[in-house]
Amino acid sequence: MKFSERGAAMLAALAFLIIVSGITALMFTSTLSEIRHTGDDLAIVQALTLARGGINLGGRILQDAVRDELQVLTLREANTVERFPFGSALQISDPKPSANSVITDLNDVLTDLQARIDALLCSETLTLVNAQKVSVRVYVTAEACNDPLPTNATIKLPTARYISGQPRTYAVPFVLVANAEVGSSYKRSIAIQGEYQFTLGGGKFSQYAHFTNKRRESLWFTSDTIYDGRVHTNETFNLAYRPWFGAKVTSAGCTSVESAFDANGKPTTRCTSTMPGVNFHSDSAFRSADDIGDPPQSSNGQDKPQFIQGVDWKADYVPLPHDSLEQKLKAEAKGLKRDGDFYSLTLYAGDASGNYLSKDHNGDWQPAASHQYIELCKTVSSCERFRYGDNHKLYKQADDGTWPDSPELLEEDDFNGLIYINGKVERFKGPGRNPPDSEDSADAPPALAAFATLTVVPVNDVRITGDLTYEDPPCSGVLSREEDGAITRPSCDNLNTKNVLGVFSPEGNVIVGNKHDVDTTLNAPDNVTIHGSYMTAKGMFVTENLRNVWSARGDINVLGGIIQNEEGTTGRFQNGAIVDGYGMNITFDGRMALDYAPPYFPGTSPSDVQGIFVYSFGQREQVF
């Protein structure tokens, strides 16, 4: 081989060695880099895993501790007087509160909730082995643990909102952020957006035109019975002839109850057995719900009740409230609370001089009331007199008849509309009719001013001895049955009026005064008219002194509703006509179907959070 050939071979071999050496060096360098990247990837995965673990931890906290805190705060801050627990509508007839009013009302809830969440989480940073750390932050406001919501977060925090109607459902948005670190160089953050949806439960008992817990075998709904609002009994109905029901009718058919406790540990009752059905007057036996027929009527066709919007014979049992503790506490705080029995309680709308309203030539009450007056008398001559205007500042009249400059309550407190009497009221009335011998309740000046909202809570019996009417009623006219059997309904086109009255006796009866020969001040007038919702938890709504004297008193005309533990007797009938006492006409106040109610009127179930649901809408990994 020539030298030139050997040189070329050597150069080729050298080149090969150089290439191999380069590849080897490159492979070694790449291996070292991969080793380093593997360490980086491991740390990144560890940080991401820790962040996800933090999210899981935060989810548990949202489901448990934070949920419990939210329930406490919503119960504390919810408005139990107005139609909506949070937020307000411009008009009673509006289907939902304004968005801004919901945000404003829930602001205190969110501020306090954030503070309680921070107390749980701010000082809790988990430190694991090898300098691994994870922390969790929950934002229901723009700042948590003094840290603002990360500006680079792709998930934003919306405002609180109202969702839907019955039961009242609201949403409280949140952002859950979990931050994780492995060493000082490897960090990962995960954020979740979601919201709490919570329902505040229980409508008010004022939603009923007529409610009974227990029936009496001797009492019957007859042709003289006409109701245009919701009617319910926890047991079964007694029906005779042609009673008329213009709204939904429900019957639970309960035959046995027992004492129990509700979700908050408060005493209540529950139904343990049922036998749904109805008793028709002309039938000799109880008719089960499956054997009533459609339309419902007695076997011989003599009893034909009219259910305009239908009837449910197997409805849920609705327990009555156990006590009036809530009303007592609220009256002690910002209402009127008095102990003992009272000779009289008189309500009236008046001018600044204390005069009743009077009718003008058009029959309208004039002038518009500037004050709501409340007169409480221990005896016929020993009285306290209070009044308030549309600013709801309550004043007590001085002994010399003047009105002081300072309100009865604290300057910053508005009167909440509660009058709590730890005793009985012998005479409950509005102004007398003018002239006094009038048989027309339209001649009685109004008891409640157009701006007045009142709930009267006599613990024991209260006797109605006069008309109790609104200055600005939601309805005009009287629900009545004509001679041909047709039903005439009043016109109810003023549903945005504010005046409303509730009467709740937790221990006694609501009595309509009748047949007191010696003291006629204990008698209600003929065709007495009472506006408002009247409720007894353990007693009945009843006309007193019914006996075989056969004195028909006309009708008790109700604009609102009657809620009672046991069905009371208001009159006696023969052949479907009242011959003693009063007939009963109830015109339902349509505002009550919109959840408007007298202040602090009892609810059909505990007015608390019925359910809280946590929803998550998305997860994002953040860079920081």
query: For Y596 and R83, what are the C-alpha separation, side-chain angles and deciding distance, and is it a side chain to side chain donor-acceptor pair (under 3.5 Å)?
result: CA-CA 5 Å; Y596 191 65; R83 179 179 158 208; over 6 Å; no
- request: Would you please test F415 and F386 for side-chain contact (heavy atoms from CB on, under 4.5 Å) and show each step?
  value: CA-CA 11 Å; F415 176 53; F386 302 86; over 6 Å; no
- prompt: Stepwise, does the side-chain contact (heavy atoms from CB on, under 4.5 Å) test hold for L336 with L394?
  reply: CA-CA 9 Å; L336 277 176; L394 185 70; 3.9 Å; yes
message: Walk me through whether I308 and I487 qualify under side-chain contact (heavy atoms from CB on, under 4.5 Å).
response: CA-CA 11 Å; I308 304 305; I487 301 297; over 6 Å; no
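Salt bridge status for R270 with E258: present, with a side-chain N to carboxylate O gap under 4.0 Å. Salt-bridge annotation for K515 and D580: present, with a side-chain N of the basic residue lying under 4.0 Å from a carboxylate O of the acidic one.
H281 and Q302 are not linked by any side-chain donor-acceptor pair at a separation below 3.5 angstrom, with hydrogens and angles left out of the test. R427 and T521 are linked by a side-chain donor-acceptor pair at a separation below 3.5 angstrom, with hydrogens and angles left out of the test. Under 3.5 Å, the side chains of S533 and S206 contain no donor-acceptor pair of N or O atoms. Residues N300 and S298 have side chains that bring a donor and an acceptor to within less than 3.5 angstrom of each other. Under 3.5 Å, the side chains of N545 and N514 contain no donor-acceptor pair of N or O atoms. Residues T536 and N565 have side chains that never bring a donor and an acceptor to within less than 3.5 angstrom of each other. Under 3.5 Å, the side chains of T236 and S251 contain no donor-acceptor pair of N or O atoms.
For the pair K304 and Y241, the cation does not sit on the ring face, since its NZ or CZ is not both under 6.0 Å from the ring centre and inside 45° of the axis.
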